[in-house]
Every structure is written in C-alpha cells, then in structure tokens.
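Scroll down for the structure; my scribbles are underneath it.
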Amino acid sequence: MTEEREHGEGALGGQELPPNVPREDPVGAPDEDPPGEEGRKDVEEDDEAAVAAESSPLNVKEKKENGEWGSGLVDGEEKTSDGDPENPLDPSAEGKAFEPPEGGWGWIVMLAAMWCNGSVFGIQNACGVLFVSLIEVFGSADDPQLMFKTAWVSSLSMGMIFFCSPVVSIFTDVFGCRRTAVVGAAVGIIGLLSSSFVSSLGPLYFTYGIIFACGCSFAYQPSLVILGHYFKKRLGLVNGIVTAGSSLFTVSLPFVLRYLLDRVGLFNTLRVLCVLMFILFLAGFTYKPLVPGRSNLQFRQNGKFRCPSATKLFNFSIFKTKSYCIWAFGIPAALFGYFVPYVHLMNHVKERMGDDVNEEILLLCIGVTSGVGRLIFGRLADYIPGVKKVYLQVVSFLFIGLMSMMIPVCHNFTGLIVVCLFMGLFDGCFICIMAPIAFELVGPENVSQAIGFLLGFMSVPMTVGPPIAGMLRDKLGSYDVAFYLAGIPPIIGGILLCLIPWVHERTLAKKLKAVNGDTEEKMLDKNATSTCLPGTAEDIKKEDVSVI
C-alpha cells in the first residue's frame, strides 16, 4: 500500500490533470490541494508568459496596449484575413516578425503612389497658373482686395491637405490604406468637378479649397503608409521615386495647364484635371495591405454602434517616444521659413531685376533638381542604418537656410539660378526620407498616425510663414530682411534634429537593460522555486517514506 501511495501521489504531483476531469483523491488524503500547488501554478504561468514574450520578436503586451498587432479578437470573435482584407491577420504567422517582400506587387504599388504624389501636388504647385486665370475670370478692376481674396483659394487648399492629416491617419488605421485612398480620390473628383460649375469666387473656397483638398489629403497619406508594407531595405529608394512624381508633374503640368487655359478656358481645364483624379481613384485599388491593422477599435458592442474613445482613435502612445517628439517638433519649427522663397521669390526677382527676366526658369530649376535630389538621397538613405537617416534632413535644412539667406546677396540672375539649383536639390532630400525616418522611429504599425500628426503640425508654419514675410515686405519696402530671417528657422530646426539619434539610442539601451533585468529575475525565481518549492512529487515521497 505504501508503494501504491508513492506511485499514485508521485504521478499526480508531476502531471496536471485537465480542468474538466475530476481529481480522485487517494484514501486518507486531505480534501484541499497539497501545499505549494497553488504557487507552482503561478510559477508555471509566469514561465509560460516569459517564454511567449521572449519568443516573439514583437512586444505583444505593449502592442495590445497601444492597439496594434493584436490577437485579432473583436467582440469575442477571431478576425481573419478572409473576413477583412484591409486588416490581414495570419494566425500561422503569429509571433513572427513582419518582413516586407521587397518587391513583387510592391512595384505596382510604388507606381500608383508615384501617380498620387504627382497628381495631388502637381495640381497644387501649379496654382500660380490657375491664380492668373481666376483673376481674369472672376476679377474686377473695382475690387481693391482681389489679389487677397483670390489667393485664399489655393492657400486654403494647400493648408487643408496637411491640416486633415491627423484625421486621415485614423481613417487609415480603421478602414485601411485601400479604402481611405479610393474614397479620398472620389471626394477629390467631386470637389474638382463641382468647381468647374461655379459662377463666382466665393463657392471655390468650399469646392476647391475644402472638398477637393480634403479628398487629396485622404488620397495622399495612404500612399506614404502603404510603401512600408512592401519595402524596408529599399524604402529610401522607393520613397525617392514616389516623391519624384510630384517634381515631374510640377515641371510639366504648368505648361499643360497654360495650353489648356488658352484653348478651352478655366472651367473645361478643371474638368480635364478630373481625369488625373480618376486615374488616382483606380490606383488606390492597388494598395493591398500586408501589416495588420489596429485590433482595439471596436465600433459595435452587443449589436449596437459604439464610438471608441478619443484615446483609442488617436494613437497618442507614439508621443511616449522621445525621439519622435523631437522630430515632430523640429520639422515644423524649421518650416517657418522653409516655404518663404517658394512664395515670394518671383515677386522679389521682378522688383530687383525688372520684367525682362524670365523668373519661371527659377521654378523650373527648383523642380528639376528637387526630383534629382529625391532619387539620389532616397537611394543614399538605404545605406544609412536606423535613425541616423535623420542626418540627411539636418544637412538639407542647413543648406536650405543658407540658400535663403543668399537670395538677397545675389544681384544677377545667374547667381539666383545657382541658389535655386541647390535649394531644389536639398528640398528633394528633405521630402523623400520623411516616411523612412517615421518607420524607424515608431515602427510600421504606428507610422500612419505618426505621419498624420507630423503633417498636421506642418500645416501651421506653412500657413503662417509666408504672410509674415509679406508683412515685412510691406513694412520695410523690400524682401531682404524677410529672406535673411527665413533662413534662421531651418538652421535651428536642423540643429534640433541632431539630438534624435542620441536620444533614440539611449531609449533603446534603457529598454534592453530593463528586459534583461526582468529575464534574469524570472530565471532566478524559476531556479529557486524548482529547488525549494514544497509539495513536489519528491517531497511527497519523502514524507510518505518517513511515515512508514
């Protein structure tokens, strides 16, 4: 009987019965669990959790708290790629690090994103040509504020594209890149088409400045996010090619618009531009997502619609990353003077050199070298590891600031051409690596709202900087002081961005130290419980032998 107790008690002590199978206590055994069994269960659960956390390349607990890379459970049901193609979740791939395919269908996505950048910003950057036509159609010699009123059409349009970006990032997280881009292009077509039927300048503020701009914003931002689903090693080159699309359209579209305006007029020209937006509408269907969407956004509970809280809709957890906070503050700070030359350079050249100079050549130089810079520096960024890519933006801001200060110094047209060539080159450098840096700072699952918040912050200096420069021109009688002051913010912003790699490395070191400390502590606890924990099978055997 003693041997039976030894073998029976030892087997029960070394194995855990399923929860649905009743435990048969041996004769004479107490009703309660043996001493230490509850402690062993806690230790086993901790060990299993530690192994799961260490085996996964992603910090599953942190992602669930932030709402990304979740388990795919929504209202108690598992969410699969078959149920929602915009948020693919592969159960077999759970716990594995996401690796972009570096090509394949991604090349088609790259061409679609390139068309998006070209059509959206090509139309926006050609506002100077449309500006002249708007004055001719709606202008009146008796209106002393005609220039101011007409300028608000294109100014409002450009500002709304960036101002809407934080909201667009939420739609991208909830509905995916494909749906957001397609709906945005459709809204852009409606706004542009309705603008061709107005009879006064006032309705254009709404149709062109708000509806069309909001549609462009919803179509533009997913084109930046989707590239990270397909590329990582080549992401810099791909972003350079995509953003070069806007340079290509910026150089060529003004000549096309001038031809159309002379032949068919303003309203028919706007209708022709709808063709570009329709192609953009079709291009949005190519945005097949590969990275899972956020799983904590539940819009239905118990069969009723329920709007998630603002803390869930807006992914404020990205602001816990100090390096991203510096980046999101430094770039808008640099942009207070960044766009001043683009707005006021033409008028400055006319005032200083007269009407005999073809100032459009300066815009052509900026557009061409900007496209070249996006290709060169985009490829160069692929060879720079991690967040050190931000040094390229530092260099670009320093050169842009210096070039802005050199504009008043140039008293001949050749010098201005050289200044514009360098300015366009480093403009392309700054733009093409924005998305790769965002991916490095916050990861692919958070990049949508990271870019959205950044573009939203950028809308403020883009709107405020040029009017301040114009006010200085009105007060002082020349643009010299305005250009000198415009070069200061890019230099200050570039110096501020130098802190990002240092802060990012320190943050990673602290996290690694904390993870190693937790792992070592759990290993010590495991060893201690495995050697000293009472209630094991061996302890039971010794107690039974001593009783005999």
Side-chain angles (χ1 to χ4, degrees), residues 58-59 61-69 98 162-163 165-170 172-173 221-222 224-229 232 235-236 239 291 293-294 296 310-336 338 381 384-397 429-462 489-490 492-512 514-515:
L58 297 174
N59 191 329
K61 181 178 180 181
E62 183 179 354
K63 301 303 178 186
K64 286 184 178 180
E65 292 176 352
N66 295 339
E68 298 86 21
W69 295 83
F98 171 73
F162 294 96
F163 184 75
S165 295
V167 179
V168 177
S169 64
I170 297 176
T172 303
D173 282 345
Q221 189 171 327
L224 299 179
V225 177
I226 194 63
L227 295 175
H229 292 222
K232 183 177 181 181
L235 186 59
N239 272 276
V291 178
R294 298 172 61 188
N296 67 334
T311 55
K312 290 186 177 181
L313 288 175
F314 290 95
N315 188 12
F316 293 112
S317 62
I318 61 177
F319 292 102
K320 296 179 181 179
T321 305
K322 295 181 180 179
S323 54
Y324 172 77
C325 292
I326 297 175
W327 190 60
F329 175 78
I331 289 184
L335 291 181
F336 274 100
Y338 182 85
I384 299 178
V387 296
K388 292 183 179 180
K389 295 180 178 67
V390 78
Y391 287 130
L392 291 178
Q393 284 190 330
V394 173
V395 174
S396 66
F397 279 134
C429 173
F430 155 67
I431 292 176
C432 73
I433 60 176
M434 285 182 59
I437 292 175
F439 277 96
E440 295 290 347
L441 292 177
V442 300
E445 66 278 3
N446 297 320
V447 74
S448 175
Q449 296 212 22
I451 295 177
F453 281 120
L454 177 64
L455 296 180
F457 297 153
M458 287 169 54
S459 64
V460 177
M462 288 175 62
I492 295 177
I495 295 174
L496 186 62
L497 295 182
C498 291
L499 300 174
I500 292 178
W502 178 70
V503 173
H504 193 72
E505 290 178 0
R506 288 195 62 185
T507 303
L508 292 180
K510 289 182 180 180
K511 289 183 178 180
L512 182 61
V515 170

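Since the model is a prediction, treat every value here as computed from it, not as a measurement. In what follows, every heavy atom counts, from backbone to side chain, and hydrogens, waters and symmetry copies are set aside.
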query = Of all heavy-atom pairs between Leu496 and Gly330, which one has the smallest distance, and what is that distance?
reply = CD2-CA, 3.7 Å
inquiry  = Tell me the closest heavy-atom pair linking Pro436 and Lys389, and the distance in Å.
reply    = CB-CD, 4.2 Å
ask   = Can you tell me how far the OG atom of Ser169 sits from the CG atom of Leu224, to the nearest 0.5 Å?
value = 12.0 Å
remark   = Between Ala333 and Pro489 the two heavy atoms that sit nearest each other are O-CB, 3.4 Å
key: Ring centres under 6.0 angstrom apart (Tyr324, Phe453)   = no
ask   = Applying the side-chain hydrogen bond (donor to acceptor under 3.5 Å, both in side chains) test to Ser323, which of Glu440, His504, Arg506 qualifies?
value = His504
query = Distance from Leu227 atom CG to Phe439 atom CZ, nearest 0.5 Å?
reply = 7.0 Å
remark   = For Val387 and Pro501 the tightest heavy-atom approach is CG2-CA, 3.9 Å
message = Using a 6.0 Å cut-off, check whether atom CZ of Phe163 has over 12 heavy atoms from anything other than its own residue.
response = no
ask   = Rounded to the nearest 0.5 Å, how far does CD1 of Ile451 lie from CD1 of Ile318?
value = 10.0 Å
task = Of all the heavy-atom pairs spanning Val225 and His229, show the shortest one and how long it is.
result = O-CD2, 3.4 Å
With Ser165 via side-chain hydrogen bond (donor to acceptor under 3.5 Å, both in side chains) - residues at least two apart = none
request  = Kindly write out the residues that satisfy ring-ring contact (aromatic ring centres under 6.0 Å, His included) with Tyr391, not counting sequence neighbours, or none if the list is empty.
outcome  = none
query = Mind checking what makes side chain to side chain contact (heavy atoms under 4.5 Å, CB included) contact with Gln393, not counting sequence neighbours?
reply = Trp327, Ile331, Val390, Ser396, Phe430, Ile433, Met434, Ile437, Leu497
ask   = When rounded to the nearest 0.5 angstrom, what distance separates CD1 in Ile492 from CZ in Phe336?
value = 11.0 Å
